[in-house]
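I have placed the structure first, in the form of structure tokens, so that the comments after it can refer back to it.
Quick caveat: nothing in here was measured; it's all calculated off a predicted structure.
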Amino acid sequence: MNNSTKKHPVETALFASKAPLEWAIVNNGTLYTAQIPIDSTGAVVAGGIEAQTYQTFNNLIHTLECAGESLDSVLQVLIYVTEREYLKTVNQVYAEYFEAPYPNRAAMVVAGLAREEMLVEFVVYASANQPE
């Protein structure tokens, strides 16, 4: 079987989750990842939506770099926030990281995320080079 059709995890230095998940998977030229605002100890960062959005971007950039990619590889971002008013702050931070042409994106206001203290989560799809 061709390796490009098999999924493989991206090795990162992010906190090892106890949940049955990988921080990122690559398959057939696409990187799939979900990023949350946790630090190296696995704790959700304090400081509100701005601090959590920066941490989520830091984790995303780290994951992309581990896959040999960058923010330029990002094709789509699904943004989840727990309050509608958080979108203004997320947009301000988002604009610091992405330039035109921007990734396609959608933003959703949800009742809650996996951890109660989380205010934001990103689901990201990016192009990825295939390993040989």
Side-chain contact, heavy-atom cut-off 4.5 Å: Val45 with Tyr54? no

List the atom of Ala67, the atom of Leu31, and the distance in Å for their closest heavy-atom pair. CB-CD1, 3.4 Å

Please determine whether the number of non-hydrogen atoms from other residues, nucleotides or ligands lying under 6.0 Å from atom CD of Glu85 exceeds 12. yes

What distance separates Leu60 CG from Ser70 OG, expressed to the nearest 0.5 Å? 10.0 Å

Distance-only donor-acceptor check, side chains Asn129 and Glu69, under 3.5 Å: yes

Counting only heavy atoms from other residues, nucleotides and ligands, does the tally under 6.0 Å from CD of Glu116 exceed 12? no

Could you report the tightest heavy-atom contact between Val77 and Pro103, atom names first, then the distance? CG2-CB, 4.3 Å

Single-linkage hydrophobic cluster, 4.5 Å side-chain cutoff, Leu21 and Val44 together: yes

If hydrophobic clusters are built from ILVMFWY residues whose side chains come within less than 4.5 Å, do Val93 and Leu71 share one? yes

Could you walk me through whether Leu119 and Tyr86 pass side-chain contact (heavy atoms from CB on, under 4.5 Å), step by step? CA-CA 8 Å; Leu119 307 175; Tyr86 293 161; 3.9 Å; yes

Could Arg105 and Phe98 be counted as a cation-pi pair, given that NZ or CZ must be under 6.0 Å from the ring centre and within 45° of the axis? no

For Ile36, the option from Trp23, Phe122, Tyr80 that meets side-chain contact (heavy atoms from CB on, under 4.5 Å): Trp23

If you round to the nearest 0.5 Å, how far is CG of Asp72 from CD of Glu99? 7.5 Å

Minimum heavy-atom distance between Gln76 and Asn104, given as atom pair plus value: NE2-OD1, 2.6 Å

Nearest atoms (heavy-atom pairs only) where Arg115 meets Ala43: NH2-CA, 4.0 Å

Of Leu87, Thr53, Leu113, which meets side-chain contact (heavy atoms from CB on, under 4.5 Å) against Val81? Leu87

Find the distance between CD (Glu121) and CD (Gln52) and round it off to the nearest 0.5 Å. 11.0 Å

For Asn59 and Gln35 the tightest heavy-atom approach is CB-OE1, 3.1 Å

Minimum heavy-atom distance between Ile38 and Phe15, given as atom pair plus value: CD1-CB, 4.1 Å

Test of understanding: clusters of I, L, V, M, F, W, Y form through side-chain heavy atoms closer than 4.5 Å, transitively. Do Leu75 and Tyr102 belong to the same one? no

Reported CG-to-NZ distance for the pair Asn27 and Lys6, which is rounded to 0.5 angstrom: 11.0 Å

Is there a continuous path of hydrophobic side-chain contacts, each under 4.5 Å between heavy atoms, that joins Val123 to Tyr32? yes

Sidechain-backbone polar pair: His62 side chain, Thr12 backbone, donor-acceptor under 3.5 Å: no

Mind checking whether Tyr97 and Phe57 have parallel, tilted or perpendicular rings, split at 30° and 60°? parallel

Could you see if Val110 belongs to whatever hydrophobic cluster contains Met118? Use Ile, Leu, Val, Met, Phe, Trp, Tyr and a side-chain cutoff under 4.5 Å. yes

